[in-house]
Amino acid sequence: MSVRVRFAPSPTGYLHIGAARSALFNWLYARKVGGKFLLRIEDTDLQRSTEESTRSIIEGLEWLGLDYDEDLVFQSANAPQHRGAANRLVEEGKAYRDFTPKEQYDDEDVKQGIAERARVQATEGLDQRSNPYRDLPKEESDRRAAAGEPFAIRLKVANEGQTRFDDIVYGAQERSYAEIEDLVLLRSDGHPLYNLSVVIDDILMGITHVIRGQDHLTNTHKQVLLYEALGAKAPQFAHLPLILAPDKSKLSKRKHGEVVSLTTYRDRGFVPAAFRNFLALLGWSPPEGKEILSEEELIECFSLEGIGRANAIFNFHENDASRWTDDKALWMNAEYIRTMPLDELLPMVKTELRANKLWREEYDDEDSAWFRKTIDLIRQRFFTLKDFSSQGRAYFSDDFDFEEAVVNKNLRKEPRLRELLSGLANKLEEVEPFNAETTKAALRAFADEAGVQPGLLINGSRAMLTGQGVGPSMFEIFELLGRDRSVQRLRSGLPWF
RNA sequence: GGCGCAUUGGUGUAGUUGGUUAACACGCUGCCCUCUCAAGGCAGAGAUCACGGGUUCGAGUCCCGUAUGCGCUACCA
C-alpha cells in the first residue's frame, strides 16, 4: 500500500513555525518513501477561519518548497459525510443523541473551567458514562429528535476495555476506556467536531500515516475509538515533539510575536532552503551528524525513527535585535547565502533589491558580470537577504548613509585624512588599468610618500566609499565601484560635515 | 484535580544489545591570518547526563519514587 500523508492546519491565523515543521516532516516522509503529500484545510470552526489565513498557509508552504500532490481539500466540504457518519453510528447504536441543553462557556477561562468541572465530577463520584440519555430507548430518542428537540451526538464509549496504538515516535500507548468521555461528535447545531472530522477525512483521503504535533497524542485514543466504531483501519501515528519558547512556554504569536510566524522569515530575508534545513533539525537529527543538508540529502536520510521525544526550545532573544531569532537559524542562513550556487541566490537578491528600488535592468544585461562579481563578494559576510539592500546599499546606489561611529573612528579622528583622501583620489585617477592590484600598489605608494600607515587610508577609504567600517577587502571595493565612483566618493567630503 | 509525555553543557542534538577521558553543531572566550568585519585555522571555557533511591562488578543507558515542564481533559482545533 502506498503511503499517503497530510498536513491539516486550521486556517485561524498565520502559519506557525511548529506547524510548518509538521508540514515539512510529512512532506519529507512522503518524498522519502515515494508517497503522496496532501493538504487539507481544517476550517470546521467557521467563526475563526479566514480565507486570508488559508492563503498565507499556502504561500508559506510554497515558500518552503513543500509542494502537495493532490487537490487541496477543505474540511468543511466534507461536513455532509461527517454528519452522515455520526447519524450512521446512532443508527448502529454506537452513538447516542444527547438532549442535554448546551452550556455556554466563557472563552477566556476554558482551561480553568475544565479543571473545575473535572474536580467536581471526581468528588461527586460521577463517571464518564453518567449521561442520562446514554441509554435512552431508541424509539424515544427518535421521537424527540423528530419533534425537533435539539441534541448533540455523542459516541457511546464502552465501559470496559482500553484503546491502544503504537506511536512511531512515542511508542506503545494505552488508555483505559474509563478515562475517555463519551465525546461529542456533532454539535446540537449540526456542526461536526474536530475528532470526528479528522477521522472521517483521513479515511476519505486514504491517509496511511498521521504525522502531527504531540498535542494530539492523548486525543488519538478517541480517534482510535472512532476508527473502530466506523469499522475502519486506523493509520500509523507519529507524534512530533513541540517547539517551545526559551521560557519553555508554548510559542504563541500573542506572547512571543513575529518570531513564531513563518512569513516573518520570508519577510526578513531568509533563504527558504536554509530555514527548511534549520526546521528539520528541530526534533530530528540525521544519522551521520551532518547538519547542512540539501533537499535531496534531507529526503534521502529522513526517517520517522530519527525523531526525538523531548520538546525543543526555539532559542531566540527577545530583547536583542541582532539575535531576533535562533542563533543557529541565523548562522545557517548566512552559511547558505555564502555557499549556495550563485545562480540560485541571484534571483532572491534581485527581488530584495527591487523591493528597495536598488535594482537596475542592466544587472541582467550588460552589467551582469559586474553584478555577479559584486554579489559573490559581498555575500560572504551577510546573514540575511535584507543585508544586500541595507549593508550592501553603497554598491548599488550613491545615496547611502554614513555610520556615525565609523566616521568618527576612521575619518574625523585624523584631521589630515580629508586632504590625504583627496590626494589619493588624484593618484587613483591615473591608475591604469583600474583594478584591485593596481589600486593596492597605488595606495601603498601614496601612503609611503605621505608617511602614513596604509591602514589609515584603507579604513578611511572604506568609510568614504561605503559608509561602513566593515566589509570586503578595500581593493576589491575599488575595483567593483570603478574609478569614477571611487574617486568621486573619496573627494565628496560628505561625511565630514 | 485526573491522565499522558518528557528531562544529556546557554540552545539544537549524538550517545549501538549497560563497560572505562559523555560526542557533534550553534553560541561564547583567546590566539593565528589581516586594511576592517566575516570566513578559515588552532586552542579553550562550559554537563556531578533534573533530583533521590534501587538492580549490577559496572548505568546517561534498566526499575521505582520525587520535582519541574509540556500536553490532553470543551457542543475549540
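Reckoned from all heavy atoms, side chains included, excluding hydrogens, waters and symmetry mates. Order of the sequence lines fixes the chain letters, A, B, ..., with proteins taken first and strands second; residue numbering starts at 1 for each chain.
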Participant: Is any N or O donor-acceptor pair between the side chain of A/Arg309 and the base of B/rC5 shorter than 3.5 Å?
Facilitator: no
Participant: For A/Ala152, report the nucleic acid contact type (base, sugar-phosphate, nothing); a contact means any heavy atom under 4.0 Å.
Facilitator: base
Participant: The side chain of A/Leu244 lies closest to which of these nucleotides: B/rC3, B/rC70, B/rC76?
Facilitator: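 The closest nucleotide is B/rC70.
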Participant: Looking at A/Arg462 and B/rC35, is any side-chain donor or acceptor paired with a base atom of the opposite kind under 3.5 Å?
Facilitator: yes
Participant: Name the stems with RNA chain B in them: runs of three or more consecutive Watson-Crick or G-U pairs, distances under 3.5 Å?
Facilitator: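 RNA chain B forms these stems: B:1-7 with B:67-73, B:10-13 with B:23-26, B:28-32 with B:40-44, B:50-54 with B:62-66.
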Participant: Please work out if A/Ser188 contacts a base, only the sugar-phosphate, or nothing of the nucleic acid, heavy-atom cut-off 4.0 Å.
Facilitator: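 Base contact.
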Participant: Which part of the nucleic acid, if any, lies within reach of A/Lys250 when heavy atoms closer than 4.0 Å are counted: base, sugar-phosphate only, or nothing?
Facilitator: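 Sugar-phosphate contact only.
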Participant: Are any of the side-chain nitrogens in A/Lys156 or A/Asp182 under 4.0 Å away from the carboxylate oxygens of its partner?
Facilitator: no
Participant: Ignoring hydrogens and geometry beyond distance, is the side chain of A/Asp215 in donor-acceptor contact with the base of B/rA77 at under 3.5 Å?
Facilitator: no
Participant: Whether the side chain of A/Thr218 and the base of B/rC3 hold a donor-acceptor pair under 3.5 Å is what I'd like checked.
Facilitator: no
Participant: Short of 4.0 Å, heavy atom to strand atom, which residues of residues 190-199 of chain A count as contacting RNA chain B?
Facilitator: A/Leu193, A/Tyr194
Participant: Any base atoms under 4.0 Å from A/His239, or only sugar-phosphate, or nothing? Heavy atoms, all strands.
Facilitator: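 If one applies the 4.0 Å heavy-atom cut-off, A/His239 turns out to touch nothing in the nucleic acid.
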Participant: Assign A/Gly306 to base, sugar-phosphate, or nothing according to its heavy-atom contacts below 4.0 angstrom with the strands shown.
Facilitator: sugar-phosphate
Participant: If the condition is side-chain hydrogen bond (donor to acceptor under 3.5 Å, both in side chains), which residues does A/Glu288 pass it with, not counting sequence neighbours?
Facilitator: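 A/Glu288: no side-chain hydrogen bond (donor to acceptor under 3.5 Å, both in side chains) contacts found.
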Participant: Do A/Lys328 and A/Asp326 sit within salt-bridge range, that is, some charged N less than 4.0 Å from a carboxylate O?
Facilitator: no
Participant: Report which part of the nucleic acid A/Pro472 touches: base, sugar-phosphate, or nothing (heavy-atom distance under 4.0 Å, all strands).
Facilitator: base
Participant: Using a cut-off of 4.0 Å on non-hydrogen atoms, how would the nucleic acid contact of A/Glu291 be classed: base, sugar-phosphate, or nothing?
Facilitator: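 Answer is base: heavy atoms of A/Glu291 come under 4.0 Å of a base.
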Participant: Between A/Asp327 and A/Arg323, is there a salt bridge with N-O shorter than 4.0 Å?
Facilitator: yes
Participant: Nearest whole Å is fine: how far is B/rA77 P from A/Ile57 CD1?
Facilitator: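 After rounding, the reported distance stands at 15 Å.
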Participant: Base, sugar-phosphate, or nothing: which does A/Pro101 touch, judged by heavy atoms less than 4.0 Å apart?
Facilitator: base
Participant: Any base atoms under 4.0 Å from A/Lys222, or only sugar-phosphate, or nothing? Heavy atoms, all strands.
Facilitator: sugar-phosphate
Participant: With the threshold set at 4.0 Å, does a side-chain nitrogen-carboxylate oxygen contact exist between A/Arg381 and A/Asp387?
Facilitator: no
Participant: Taking the basic N atoms (NZ, or NE/NH1/NH2) and the acidic carboxylate oxygens, is any pair closer than 4.0 Å for A/Arg97 and A/Glu149?
Facilitator: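 A salt bridge is absent here (no side-chain N lies under 4.0 Å from a carboxylate O).
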Participant: Examine B/rA38: is either OP1 or OP2 under 4.0 Å from a nitrogen or oxygen in the side chain of A/Arg379? Give yes or no.
Facilitator: no
Participant: Under 4.0 Å, counting only non-hydrogen atoms across every strand here, what does A/Asp327 touch: a base, just sugar-phosphate, or nothing?
Facilitator: sugar-phosphate
Participant: Is A/Arg444 close enough to B/rC35 that one of its side-chain N or O atoms is under 4.0 Å from OP1 or OP2 there?
Facilitator: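 The answer is yes; a side-chain N or O of A/Arg444 sits under 4.0 Å from OP1 or OP2.
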Participant: Give one of base, sugar-phosphate or nothing for A/Ser473, where a contact means two heavy atoms less than 4.0 Å apart.
Facilitator: base
Participant: What distance do A/Arg462 atom CZ and A/Ile477 atom CD1 have between them, rounded to the nearest 0.5 Å?
Facilitator: 5.0 Å
